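Everything on this sheet refers to the single structure shown next.
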Amino acid sequence: MATIILIGTDLPLLEGLAQTLGAIGHRPQLALTLSEASEIAATTLPLIAVVQRELAAGNAEALRIPLAPGGTLVLFRSDAGSPAPPLLPALQRAVMADLTLPLERHRLIALVHHVVDRARRTGRGPTQTPADQQAIKPEPLDGR
């Protein structure tokens, strides 16, 4: 289960993505601006930041969003017909994918799975300690 922050101004699209990501077991969080996203990310480091391309173009604020170790940036736009605003070279290098949503939502889900698996394989993701190896055993709720 990974924390994924969705940043943009298209609230219906972001809400739909949040529901999709929540349904597959992740913790999505929504932000309208990059500065709001940085504040949210400061308390809970997201593994992936999905940023609306129009917000990220022309400034490097998207690069300042704190991410969990092994985390990445993904850009999206909702209109495939409009020309994409240019990105700073540093931002181009930092971005894993540039998607057209909601058309490529399955690709986004595949990218999320890939990043989570990559973080887990490299030891950067959350670890699950088996119940028999936990230092404190959880008590049954029924008191037995």
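Because the structure is a prediction, the values reported are computed rather than measured.
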If you measure from [atom1] on [X] to [atom2] on [Y], what distance do you get to the nearest 0.5 Å?
{"X": "Q52", "Y": "T9", "atom1": "CD", "atom2": "OG1", "answer": "3.5 Å"}
{"X": "I5", "Y": "T44", "atom1": "CD1", "atom2": "OG1", "answer": "9.0 Å"}
{"X": "L99", "Y": "R105", "atom1": "CG", "atom2": "CZ", "answer": "12.5 Å"}
{"X": "L13", "Y": "S78", "atom1": "CG", "atom2": "OG", "answer": "6.0 Å"}
{"X": "E61", "Y": "L91", "atom1": "CD", "atom2": "CG", "answer": "11.5 Å"}
{"X": "E36", "Y": "E39", "atom1": "CD", "atom2": "CD", "answer": "7.0 Å"}

Exercise: identify the closest heavy-atom pair between [X] and [Y]:
{"X": "A42", "Y": "P66", "result": "N-CG, 4.1 Å"}
{"X": "A119", "Y": "L47", "result": "CB-CD1, 4.2 Å"}
{"X": "L87", "Y": "A57", "result": "CD2-CA, 3.9 Å"}
{"X": "E104", "Y": "D98", "result": "OE1-O, 4.2 Å"}
{"X": "L55", "Y": "G8", "result": "CD1-CA, 3.7 Å"}
{"X": "A62", "Y": "A56", "result": "CB-CB, 4.1 Å"}

- Determine whether L30 and I40 make a side-chain contact, defined as any pair of heavy atoms from C-beta on separated by less than 4.5 Å. no
- Task: With the side chain counted from C-beta on, respond yes when S38 and I65 share a heavy-atom pair under 4.5 Å apart, and no when they do not.
- Result: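 Yes; the side chains approach each other to less than 4.5 Å.
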- Message: If hydrophobic clusters are built from ILVMFWY residues whose side chains come within less than 4.5 Å, do V51 and V95 share one?
- Response: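 Same cluster.
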- Message: According to a hydrophobic-cluster definition based on side-chain heavy atoms being under 4.5 Å apart (Ile, Leu, Val, Met, Phe, Trp, Tyr only), do M96 and L101 belong together?
- Response: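 Yes, because M96 and L101 connect within a single hydrophobic cluster, where side-chain heavy atoms sit under 4.5 Å apart.
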- Message: By the definition side-chain contact (heavy atoms from CB on, under 4.5 Å), identify the one residue from L111, V116, I109 that meets it with H113.
- Response: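 So the option named by the test is I109.
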- Query: Among L6, L17, V50, whose side-chain contact (heavy atoms from CB on, under 4.5 Å) with F76 holds?
  - Reply: V50
Would you list the atom pairs, donor with acceptor, under 3.5 Å between side chains in residues 19-27 and any protein atom, with sequence neighbours excluded?
residue : atom : partner : partner atom : Å
T20     : OG1  : G16     : O            : 3.0
H26     : ND1  : A2      : N            : 3.1
R27     : NE   : T3      : OG1          : 3.1
R27     : NH2  : T3      : OG1          : 2.9

- Query: Linking Ile, Leu, Val, Met, Phe, Trp and Tyr by side-chain heavy atoms under 4.5 Å, what else ends up with L45?
  - Reply: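 Besides L45, the hydrophobic cluster comprises nothing; the residue is isolated.
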Less than 3.5 Å apart, which donor and acceptor atoms pair up between the side chains of residues 67-75 and the rest of the protein, not counting sequence neighbours?
none

